[in-house]
Amino acid sequence: MRFPPTFFAALLLSPVILFANANPVPQVPTRAEADAAISAEMQAREDREADRKAAIEAVPAFEEWEVDHGNRKTILRRVAPPARLPFADDRLENEGDSTAASEGPAWTEEEIAAWMAEQPVHRTLNLTATVYDQSFTEITWRDEDRQEWTILSNIDFRYLGGIGHFDDETHHWMTFLFVYEVDSEKQESIARRAAEEGFDYTPRTADHWLSIIPGDFLSSSEPEYIIIAEHEKAAIPQALYEELDALHRHYHAHEERLIAEYERNKVMNEARRAYLEANPPKPKDTVINFWRVR
């Protein structure tokens, strides 16, 4: 596919094998279901905190001190040293498990080398993206020298945003995707209001990109991206292709699940925000047990 002189396209048509991420597609709850789930979650947290506080206060104390912070207190209690350190039994059990596991035959250097060769290479994918009108995405990719490249993608990066990870046949990818959204109608409205107030505001809209992208770019059923270059023969880094190919193939293979996870998190976050607004956290006293270490 050819574009005007300063544009290059990379089309994701080759097959790829993706591992892990075989999670089932989550159910998107109704708002009522989300409200009930968040209420239960918060109540369980309250119960755990109350149980923990009661367990601390149940230990006999030689002395107590209170530090008044105005709306809450910190209570310091000197107690006898515990019969064993916290988690000591767990540590011993884990050491026992480790000892048992080590009783098997030792690996040879060849077996270790073969196992290491089979492990996926870890790579980090760090991008900034702007989604226009929930339709397509402008991506900023930076090389090791911090030189920036602009890429247009026909997938909605809202479903890929945040911190995550995925595996393909050669790499384990850690993703750090900072995603912003632009609503062209809202931007135009802001510009009109600014003009009425005598301010100069240039709206950020999709018009510039829509005027240069191919007509079938947004309607394609396959994930595609276009690399914007200053010169037709500009040396596009191989790492850019590797990272964008891997990310688009991952999206293509797991689109239904990624969208469902996004929609579920959106509903749950709205319910959590509403719960906290209706039930703002109240300051609580802190109880600390301490003992002399010999």
Side-chain angles (χ1 to χ4, degrees), residues 10 12 16 18-29 31 34 37-38 41 120 122-143 146 148-168 171-187 190 203-206 208-210 213 217-218 220-228 237 239-274 276:
L12 304 175
V16 66
L18 289 153
F19 301 97
N21 290 324
N23 301 329
V25 176
Q27 294 294 318
V28 179
R31 180 53 189 274
I38 294 301
E41 173 189 309
H122 286 241
R123 286 181 63 174
T124 299
L125 208 164
N126 193 331
L127 300 173
T128 302
T130 300
V131 178
Y132 288 91
D133 302 322
Q134 303 180 11
S135 177
F136 70 96
T137 304
E138 174 190 345
I139 305 163
T140 300
W141 185 90
R142 299 173 179 85
D143 62 18
R146 308 304 294 173
E148 293 187 353
W149 296 80
T150 299
I151 301 101
L152 301 181
S153 170
N154 67 349
I155 65 177
D156 187 336
F157 266 56
R158 290 179 303 155
Y159 307 128
L160 293 167
I163 300 174
H165 64 88
F166 66 92
D167 293 343
D168 59 21
H171 293 92
H172 174 77
W173 297 93
M174 287 294 300
T175 59
F176 299 86
L177 308 183
F178 302 91
V179 181
Y180 306 91
E181 296 184 54
V182 168
D183 184 316
S184 295
E185 291 186 0
K186 289 183 179 179
Q187 286 287 305
I190 293 172
R204 189 175 186 185
T205 69
H208 170 65
W209 297 127
L210 292 175
I213 61 178
F217 179 66
L218 297 182
S220 173
S221 60
E222 298 288 333
E224 299 181 6
Y225 62 85
I226 301 172
I227 303 171
I228 310 299
L240 186 155
Y241 286 117
E242 293 171 354
E243 294 181 10
L244 270 295
D245 280 0
L247 189 59
H248 282 69
R249 287 168 175 164
H250 168 64
Y251 177 86
H252 188 51
H254 304 287
E255 180 178 19
E256 184 181 4
R257 178 174 60 80
L258 291 169
I259 293 175
E261 287 177 348
Y262 172 86
E263 297 296 343
R264 181 184 185 281
N265 289 337
K266 183 178 178 180
V267 175
M268 295 299 289
N269 288 338
E270 290 173 353
R272 184 174 290 104
R273 184 164 47 250
L276 292 175

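Computed from a predicted structure; not experimentally measured.
Relative ring orientation between W173 and H171 is described as tilted, the plane-to-plane angle lying within the 30° to 60° band. Aromatic ring pairs are classed by plane angle as parallel below 30°, tilted from 30° to 60° and perpendicular above 60°; the pair H250 and F166 is parallel.
For E148, the salt bridge (charged side-chain N to carboxylate O under 4.0 Å, His left out) test picks out R142, with sequence neighbours left out. Under the salt bridge (charged side-chain N to carboxylate O under 4.0 Å, His left out) criterion, R123 pairs with E242, E243, sequence neighbours left out. Every residue two or more places apart in sequence or in another chain was checked for a salt bridge (charged side-chain N to carboxylate O under 4.0 Å, His left out) with E270, and none qualifies. Residues that satisfy the ring pair (Phe, Tyr, Trp, His ring centres under 6.0 Å) test with H172, not counting sequence neighbours, are H122, H165. Judged as a salt bridge (charged side-chain N to carboxylate O under 4.0 Å, His left out), and not counting sequence neighbours, the contacts of R272 are E41. Contacts of F217 classified as ring pair (Phe, Tyr, Trp, His ring centres under 6.0 Å), with partners at least two apart in sequence or in another chain: none.
Residues N154 and I213 are not in side-chain contact: their nearest non-hydrogen atoms beyond the backbone lie 4.5 Å or more apart.
Atom CG of L125 sits about 10.0 Å away from atom CZ of F176, to the nearest 0.5 Å.
Side-chain N or O atoms of D133 include none that pairs as donor or acceptor with a backbone N or O of S135 at under 3.5 Å. Side chain of T175 to backbone of G164: a donor-acceptor contact under 3.5 angstrom is found.
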**OP:** Apply side chain to side chain contact (heavy atoms under 4.5 Å, CB included) to the pair F157 and L247, showing each step before the final yes or no.
**Re:** CA-CA 10 Å; F157 266 56; L247 189 59; 3.5 Å; yes
